[in-house]
Amino acid sequence: MIDRPDSHAEVTLVLPDGATRTVPAGTLPSDVVRSIGERLLLAAVAVSVNGEVQDLMTPLRRGGAFRVLTEKDPEALAVLRHSAAHVLATAVRRLRPEAKIGFGPAIEDGFYYDFEVAHPFTPDDLAAFEAEMRKVAQEKLPFVREEVDTAEARRRFVDDPLKLERLDDFTDPAEIISTYTDGPFVDLCRGPHVPDTGRLKHFKLLSAAGAYWRGDEKRQMLQRIYGTAFFKKDELDAHLFRLEEAKKRDHRRLGKELDLFMLHPFSPGATFWTERGTILYNLLVEYVRERQQRDFAEIKTPLLYNKGLWELSGHWGKYRENMFLVLDAESGEHDISLKPMNCPSHYLLYLSKKHSYRELPKRFVTFDVLHRNEVTGALSGLTRVRQFAQDDCHVFLREDQITSEVKFLMDFILGYYESFGLTATLKFATRPPERVGDDAMWDRAESALKAALEATAKPYQLKAGDGAFYGPKIDFDVTDSIGRAWQLGTIQLDYAAPERFDLTYTGDDNTTHRPVVIHRAVSGSFERFIAILIEHFAGAFPTWLAPEQVRVLPITDDQRDVAAKIVERMLAAGIRAHLDDRSETLKYRVAEGARMKIPYMCVVGKREAESDQVAVNTRGAGEGQKPAPVPADRFIERVRDETRSRSLLLEAGRAP
RNA sequence: GCUGACGUAGCUCAAUUGGCAGAGCACCUGAUUUGUAAUCAGGCGGUUGCGAGUUCGAUUCUCGCCGUCAGCUCCA
C-alpha cells in the first residue's frame, strides 16, 4: 500500500439515521460496516460515500454521507456487473491463457469484456466460459484490492500490452493506480467490486462480437463478450423474457407479418413499400404537412447536382465517401451526385431572391428523397438505410430570434411525438474542439439553445463537445425494441453555412446582414420513424394510421350483399375498409384479422343485416369478446371521428 | 468498412459422419355456408443466395462474391 499524505487524518461518516462515526482515513468500509452489524456486512455489496459508490475494500479517504448498499439498491447492480466482467475474464484466462485483456466495464443492462485473441470466440466457447464462470463463482474468491505505483503496475501487466498502454494514461503521480485480484486473475481496475465472486449467482453470456481497441477503427479488433447479471433469478429471467418479447415487436419482423415493406438484395438499404406500407407512409407525410401548413413553406428541389454545389457546401471534401456519384456521360467523370442532404439546395433557393428582415424567420421544408452511401455493416432494417426522406426544415433567421425560434421548434417536435405517445430523450450537444466561429458566437448560440431547452422543463443530457462543427444542437433520441437509441428529431444551429453561401438579408437599417440557419428534422427520416412507430405500437396502429381500418365479415353468403354495401358506405366515408367474404369459417377470418392487427372487424350476420347494424370486434379486447351490435351509421361516424382526431384509443366499437 | 454467425418453397423451419430435398402455413382447385382467434380434401410450388473447387456423388467440405443479423466504426 502506498502511503498517502492524507492517511493520518480522520474522516467523519454520517449514517442515514444521523449518527456519525469518525475513523482514521484509510479505514476500510468493511470495518465500518462490521461495526454497524455483522449481518449487515454479509448483506453489503458496496457503500456510498457522499453519493459516490465505492467498494468495501477501498480505504476511506473522505468523509460525508455514508450509506451501505445492499442488493436492493440500484447502484449495487452496476457493481455486481462490473465484477461479473472480471469473473468472465477469470474464466477466459483459465481456458484461454493466451488471451490479452482489454477493458471490461458494466454497461446498461449488463457488462462486457474485451479480449485480444488469435482466434475469435465461438458460441461453444461462450458456453464453456459461462460454465467456468459458475465454477469461479462457486469458489467464492475474494476480490483483493491493492494500490500500487506505476513501476509495480507495469511489472504486473508485463504480459498484457493493452493494460500497459492504459498505464500510459496515468501521468498524474497523485492518481491512485489500483489492481483487483480474484484467484488467479489480476486486473488493472479502479473498482468498485463486490466482496467476492460468490456474490455472482444469476448471469448469462449473451453474445460475442468484434470491437476496435479503444473504439478506433485504425487499431486492432478485439473480441468482445457481452453478458448480463442480476442479484435475483427472477430478475434475470424477466430480463431474458423481455429480450424475447422485444424480438416480437422488431419492425423487421412485423414489417413482414403485416405486409408493410420489404428489402431486396438488388437495392440494399432502400425500402420497397407495399401497398399497406405506402398508405402508412403517406399518412405520416400528410400529417406532418398538415402540422406544418401554417408556419412553414414547403419546397421541392432537384435530387442530382453537379459537384460545384458540393464543393461550395464542403461536402465534396468531407462527405464524398458517403455520396452516390453519377457518371457524367459527356465529361466521363463522376462529377454529379445524388443529394445526401437538403441544405445546400435550400440555400440556393434562398439566394434566388433578396430577403428582408421582415420575412424572417423563413422556414423551408421538404420531403425530398436523400441518398447516403452508408457502409454495408451500418445498414439495419429501416433504422439505417441508404435512401430515405426526412421531414427536413431549414430556418433562416436573425440572431436575435434564436431563442424564440428554438422554443417554437421544440414545442413543434415534442408536440408531434406526444401525438403518438412517444417519449424522446433530449440531448444537448455543445461546441466541439474543432469548430468555426468565435467563442462569443458559441456562447450566444449555446445559451439560446439552453434557454429554450430549460423552458420545456424536460430533463436533458448534456453532451459536451458533441456539437456539429458549425453549431450546437439538440437531438431527440428514442430507443427501438431491443434498446438501441436512434436519433429522430434534431435542432442544429449553423453559423458556417450562411458564410459559405453568402446568405444575406436586408435589416431595418437598410444594410446587409448575415442570417443564422437552423437545421431541423422531426421524424428524422420517415423510414426510421416508421420503424420506431411499428415497434412503439407493436404493429397495432391507432385507427388513423392503420393501413386497413375496418374489415367486414359476412357470416354466410346470405349477408354478402348487405356487407358489401356497408363496405361501400365506409369507403364513401373515407374509411379504409375491406370485405372478407371468403368461404372460410368466421373463426378463421376473425383470427386472421386479429393477426393482421386490424382495429375493427365488423361481423354481419342475419340479425345485423336485418337491422343495418354491425357487430364490432375491437382489436385488443381479447379472445372471446362478445361484441354488441352497433348501428352501421353510428359506427361509421365514430371511426371517422376517431380518424379525424387521430385518437390513439379504439373506441368506435363501444356499445351505443 | 472491420470481427463473427447465418442464407433451404412466398413465410416459419426440418433434412441422421457427403448418398433421390421435406413439413406446416400461404397460394390454387373442389367440398363446406359457417355467430367470433386456424373446416376438410387435393394440387402447385426448389439449379438449396450466386460462382468456382474437391468428390463417383455437395444443402452438407473448401475458396470467392452478394445479402442478412449482432457488435465495433460511422450516422437521420
Side-chain angles (χ1 to χ4, degrees), chain A residues 112 114 117 119-123 125-126 206-226 247 250 252-253 256-257 259 262-269 319 321-322 340-342 370 372-386 388-392 475-478 482 484 486-490 492 519 521-529 531-532 553-560 581-595 601-608 615-617 619 621-627 629:
Chain A
Y112 69 76
D114 287 344
V117 283
H119 301 289
F121 302 125
T122 65
D125 288 332
L126 254 58
L206 296 170
S207 63
Y212 295 110
W213 169 232
R214 299 208 142 177
D216 184 346
E217 61 180 325
K218 292 184 181 65
R219 306 293 304 267
Q220 72 268 41
M221 183 156 270
L222 310 181
Q223 295 302 316
R224 176 172 298 177
I225 297 176
Y226 285 93
K247 283 186 196 157
D250 188 312
R252 291 165 294 197
R253 176 190 177 125
K256 209 174 274 180
E257 286 175 7
D259 192 21
M262 74 152 189
L263 298 167
H264 195 281
F266 278 157
S267 188
Y319 204 74
E321 296 272 290
N322 285 300
M341 298 180 192
N342 288 305
L370 304 176
R372 295 184 191 172
N373 197 356
E374 303 288 349
V375 295
T376 52
L379 300 178
S380 177
L382 294 189
T383 46
R384 191 76 185 276
V385 289
R386 287 186 173 144
F388 58 95
Q390 298 179 312
D391 44 6
D392 210 359
D475 285 337
F476 299 77
D477 286 8
V478 293
I482 56 176
R484 291 180 295 200
W486 295 98
Q487 184 188 319
L488 295 185
T490 186
Q492 308 181 351
H519 306 250
V522 184
S523 301
S525 75
F526 285 97
E527 284 73 6
R528 181 176 288 178
F529 193 72
I532 295 295
L553 317 178
I555 291 177
T556 75
D557 285 350
D558 293 341
Q559 294 91 43
R560 174 194 259 159
D581 60 355
R582 291 175 298 173
S583 104
E584 301 287 351
T585 58
L586 185 63
K587 271 163 109 78
Y588 176 90
R589 288 175 288 156
V590 166
E592 189 188 84
R595 215 167 42 243
M601 281 181 285
C602 293
V603 172
V604 180
K606 188 158 179 288
R607 294 194 297 273
E608 288 79 13
V616 183
N617 290 260
R619 184 190 64 213
E623 289 182 30
Q625 58 177 300
K626 295 272 182 287

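This one's a predicted model, so the numbers in the text were calculated from it and none came from an experiment.
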If the P atom of B:G24 is compared with that of B:U54, how far apart are they to the nearest Å? 39 Å
Reckon A:Gly593 touches a base, only the sugar-phosphate, or nothing at all at heavy-atom distances under 4.0 Å? nothing
* Where the side chain of A:Thr585 meets the backbone of A:Tyr588, is there a donor-acceptor pair that is under 3.5 Å apart? -> yes
Are any side-chain N or O atoms of A:Ser380 and backbone N or O atoms of A:Thr383, one a donor and one an acceptor, separated by less than 3.5 Å? no
Rounded to whole Å, the NZ-P distance (A:Lys218 to B:G1) equals 16 Å
task: Assign A:Glu608 to base, sugar-phosphate, or nothing according to its heavy-atom contacts below 4.0 angstrom with the strands shown.
output: base
Taking B:G71, B:A76, B:G35 as options, the one with an atom nearest any side-chain atom of A:Leu586 is B:G35
Using a heavy-atom cut-off of 4.0 Å across all strands, would you classify A:Arg589 as base, sugar-phosphate, or nothing? nothing
Taken to the nearest whole Å, CZ/A:Arg384 to P/B:G71 is 13 Å
- Message: Taking donor-acceptor contacts at under 3.5 Å, does the side chain of A:Arg224 reach the base of B:C72?
- Response: no
Between B:G43 and B:G67 - P atom distance, rounded Å: 40 Å
Just N and O in the side chain of A:Thr556: are any of them under 4.0 Å from OP1 or OP2 of B:U34? no
Assess whether side-chain contact (heavy atoms from CB on, under 4.5 Å) is satisfied between A:Arg528 and A:Leu488, documenting all intermediate values. CA-CA 7 Å; A:Arg528 181 176 288 178; A:Leu488 295 185; 3.7 Å; yes
Quiz item: Under 5.5 Å between ring centres and under 30° between planes: true for A:Phe121 and the base of B:G4?
Solution: no
At under 4.0 Å between heavy atoms, what does A:Ala521 touch on the DNA or RNA strands: base, sugar-phosphate, or nothing?
nothing
Regarding the side chain of A:Val385, the nearest nucleotide among B:G35, B:A76, B:C72 is B:A76
* OP1, OP2 of B:C69 versus side-chain N and O of A:Arg252: anything below 4.0 Å? -> yes
When rounded to whole Å, the CZ to P distance for the pair A:Phe388 and B:C75 reads 13 Å
*With a 4.0 Å cut-off on heavy atoms, is A:Pro123 in touch with a base, just the backbone sugar-phosphate, or nothing at all?*
nothing
Quick note, A:Pro265 side chain, CB onward, closest among B:G67, B:A76, B:U39 is B:G67
The single option from A:Val604, A:Val603, A:Asn617 that satisfies side chain to side chain contact (heavy atoms under 4.5 Å, CB included) with A:Leu553 is A:Val603
Report which part of the nucleic acid A:Gly210 touches: base, sugar-phosphate, or nothing (heavy-atom distance under 4.0 Å, all strands).
-> base
The answer to which of A:Arg582 and A:Thr585 contacts RNA chain B further toward the 5' end, by nearest nucleotide, is A:Arg582
A:Glu584 backbone acceptor or donor facing A:Arg589 side chain under 3.5 Å
yes
Discussion item. By the 4.0 Å heavy-atom rule, please label A:Gly622 as base, sugar-phosphate, or nothing.
Written reply: base
Out of B:A70, B:A38, B:G67, minimum distance to the side chain of A:Lys587 belongs to B:A38
Which part of the nucleic acid, if any, lies within reach of A:Leu488 when heavy atoms closer than 4.0 Å are counted: base, sugar-phosphate only, or nothing?
-> sugar-phosphate
B:U68 -> Watson-Crick or G-U wobble partner, both distances under 3.5 Å, gives B:A5
Original post:
Are the side chain of A:Arg372 and the backbone N or O of A:Pro340 linked by a donor-acceptor pair below 3.5 Å?
Top reply: yes
Q. So, A:Arg252 and A:Asp250, do they make that salt bridge, N to O below 4.0 Å?
A. yes
Mate of B:C44 across any strand shown (Watson-Crick or G-U wobble, both atom pairs under 3.5 Å) is none
Practice task
Sticking with atom P, work out how far B:U34 lies from B:U39, rounded to a whole angstrom.
Solution key: 15 Å
Regarding A:Glu374, tell me which of base, sugar-phosphate or nothing describes its non-hydrogen contacts under 4.0 Å with the strands shown.
base
**OP:** Determine the interatomic distance between P on B:A70 and the same-named atom on B:A21; round to the nearest Å.
**Re:** 34 Å
B:A21 -> Watson-Crick or G-U wobble partner, both distances under 3.5 Å, gives none
note: A:Arg619, atom CZ; B:U36, atom C1'; distance rounded to Å ~ 17 Å
Practice problem: Could you tell me whether a side-chain N or O of A:Asp475 sits under 3.5 Å from a main-chain N or O of A:Gln487, the two making a donor and an acceptor? | Solution: no
Mind listing the N/O atom pairs, protein and nucleotides 8-16 of chain B, below 3.5 Å?
{"from": "B:U12", "atom 1": "OP1", "to": "A:Lys256", "atom 2": "NZ", "distance (Å)": "3.4"}

Sequence neighbours excluded, the answer for ring-ring contact (aromatic ring centres under 6.0 Å, His included) partners of A:Tyr319 is A:His315
I'd like the C1' distance from B:U60 over to B:G18, given in whole Å.
6 Å
Separation of B:U68 atom C1' from A:Leu382 atom CG, nearest Å, is 14 Å
* To do: Ignoring backbone atoms, establish whether A:Tyr588 has a side-chain N or O less than 4.0 Å from OP1 or OP2 of B:A26.
  => yes
Query raised in the report: Which is true for A:Leu379 with a 4.0 Å heavy-atom rule: it touches a base, it touches only sugar-phosphate, or it touches nothing?
Result: sugar-phosphate
Answer for the Watson-Crick or wobble partner of B:A31, both distances under 3.5 Å, is B:U39
Scanning all shown strands, the Watson-Crick or wobble mate of B:A58 with both distances under 3.5 Å is none
Checklist entry - Phosphate oxygens OP1/OP2 of B:A76: is one of them under 4.0 Å from a side-chain N or O of A:Gln487? => result yes
(message) Determine whether a donor-acceptor pair (one donor, one acceptor, N or O, separation below 3.5 Å) exists between the side chain of A:Tyr212 and the base of B:G71.
(response) no
Taken to the nearest whole Å, CD/A:Glu584 to C1'/B:C28 is 13 Å
As its Watson-Crick or G-U partner within any shown strand, both distances under 3.5 Å, B:A15 has none
**Asked** Where the side chain of A:Arg386 meets the backbone of A:Asn373, is there a donor-acceptor pair that is under 3.5 Å apart?
**Response** no
Inset, instruction - Would you indicate what A:Glu527 reaches in the nucleic acid, counting non-hydrogen atoms under 4.0 angstrom: base, sugar-phosphate, or nothing? - result: nothing
Q.
Work out how far the P atom of B:C20 is from that of B:A26, and round it to whole angstrom.
A. 30 Å
A:Ile555 atom CD1 is separated from B:U33 atom P, nearest whole Å, by 15 Å
Check: A:Ser583 side chain, B:U33 base, donor-acceptor under 3.5 Å | no
Phosphate-side-chain proximity, A:Tyr226 and B:C72, N/O vs OP1/OP2 below 4.0 Å: yes
RNA chain B nearest-nucleotide lookup for A:Asn617 and A:Ala378: closer to the 5′ end is A:Ala378
Note to self: Test your reading of the model: is there a side-chain donor-acceptor pair from A:Glu527 to the backbone of A:Arg384, 3.5 Å cut-off?
What the structure shows: no
B:U16 versus B:C69 - spacing of their P atoms, nearest Å: 28 Å
Taken to the nearest whole Å, CG/A:Leu206 to C1'/B:A70 is 11 Å
So CZ of A:Arg219 and OH of A:Tyr212: to nearest 0.5 Å the spacing works out to 13.0 Å
- request: For A:Ala594, answer base if it contacts any base atom (sugar-phosphate contacts may also be present), sugar-phosphate if it contacts only those atoms, and nothing otherwise; contact means non-hydrogen atoms under 4.0 Å.
  value: base
